[in-house]
S.K.: 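Once you've had a glance at the structure underneath, I'll fire off some questions.
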Amino acid sequence: EVAQLRDGKLELELARCDFASIVRDVVAQLARQATAGGVELIANVPAQVMGVWDRVRLAQITTSLVTNAIRYGVGGEVEIALALHGDEVELSVRDHGPGISLTELAGIFDRFDHRRSRTSGGFGVGLFIAKTLATAMGGEIHATNAADGGARPHGPLAE
């Protein structure tokens, strides 16, 4: 998959789908992992958010962001929200952990972020893939630290 992304050969299966139901499904699928990590997942999503996206890829993006929040949020709550802003939808995933150092924050969505992969045992490509998929569907992803602690990756997608 990384090779396809690198070579620009990513194929999307765009169709009308409900982003809210995708988020609810991901939250349900990750509930056991969250509980094992001492994390409570809190989803704040509208009843329905329709748009033309790749359903599988939206689930992949959401899973990557929530999994990272569970892993690095150090217990507590992880808040997952969908918000409508005109013709854009914003997915926001916020943990209440220590946040991300400014040095790491600058490259958190870079390919093979070895700083984070060393501590997590992963390959360091999940957030890179999430950002590349969001961009391919006309969206973007950013990460910020909340003033009261924790990290918040978020970004808009056109409907």
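Residue numbers start at 1 and run along the sequence shown. Both backbone and side-chain heavy atoms feed into the values below; hydrogens, waters and symmetry mates do not. Keep in mind it's a predicted model, so treat the numbers as computed, not measured.
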S.K.: Mind running side chain to side chain contact (heavy atoms under 4.5 Å, CB included) on I61 and I141 for me, showing each step along the way?
M.R.: CA-CA 10 Å; I61 292 166; I141 296 180; 4.2 Å; yes
S.K.: Is any side-chain heavy atom of V78 less than 4.5 Å from a side-chain heavy atom of I80?
M.R.: yes
S.K.: Can you pull out every side-chain hydrogen bond (donor to acceptor under 3.5 Å, both in side chains) where at least one residue sits in residues 74-86? Sequence neighbours excluded, please.
M.R.: E79-H96, H85-E90
S.K.: Could you go through residues 18-27 and list every donor-acceptor pair under 3.5 Å that involves a side-chain atom there, pairing it with any protein atom two or more places apart or in another chain?
M.R.:
{"unit_1": "D18", "atom_1": "OD1", "unit_2": "A20", "atom_2": "N", "d": "3.1"}
{"unit_1": "D18", "atom_1": "OD1", "unit_2": "V49", "atom_2": "N", "d": "2.8"}
{"unit_1": "S21", "atom_1": "OG", "unit_2": "D18", "atom_2": "O", "d": "2.9"}
{"unit_1": "R24", "atom_1": "NH1", "unit_2": "P46", "atom_2": "O", "d": "3.2"}
{"unit_1": "R24", "atom_1": "NH2", "unit_2": "A47", "atom_2": "O", "d": "3.0"}
{"unit_1": "D25", "atom_1": "OD2", "unit_2": "R55", "atom_2": "NH2", "d": "3.4"}

S.K.: In this structure, would L82 and V52 fall into the same cluster of hydrophobic residues linked by side-chain contacts under 4.5 Å?
M.R.: yes
S.K.: Establish whether L105 and F128 are linked, either directly or via other cluster members, by ILVMFWY side-chain heavy-atom contacts under 4.5 Å.
M.R.: yes
S.K.: Do E13 and V56 come within less than 4.5 Å of each other through their side chains, counting heavy atoms only?
M.R.: no
S.K.: If you define the side chain from C-beta out and look only at heavy atoms, does anything of V89 sit under 4.5 Å from W53?
M.R.: yes
S.K.: For the CD atom of Q29 and the OG1 atom of T63, what is their distance to the nearest 0.5 Å?
M.R.: 6.0 Å
S.K.: Could I get the full list of side-chain contact (heavy atoms from CB on, under 4.5 Å) partners for N44, not counting sequence neighbours?
M.R.: A81
S.K.: What's the spacing between T144 OG1 and H142 NE2 if we round to 0.5 Å?
M.R.: 9.5 Å
S.K.: Measuring from atom CG of D95 to atom CZ of R71, what distance do you get when rounded to the nearest 0.5 angstrom?
M.R.: 12.0 Å
S.K.: T35: what forms a side-chain contact (heavy atoms from CB on, under 4.5 Å) with it, not counting sequence neighbours?
M.R.: none
S.K.: Can you name the side-chain contact (heavy atoms from CB on, under 4.5 Å) partners of Q33, sequence neighbours left out?
M.R.: L30, T67, I70
S.K.: In terms of hydrophobic clusters joined by side-chain contacts under 4.5 Å, are L14 and L133 together?
M.R.: yes
S.K.: Please report the shortest heavy-atom distance between G75 and V39, naming the atom on each side.
M.R.: CA-CG2, 3.8 Å
S.K.: Just so I know, are the side chains of L58 and M137 near enough to count as touching, which here means a heavy-atom distance under 4.5 Å?
M.R.: yes
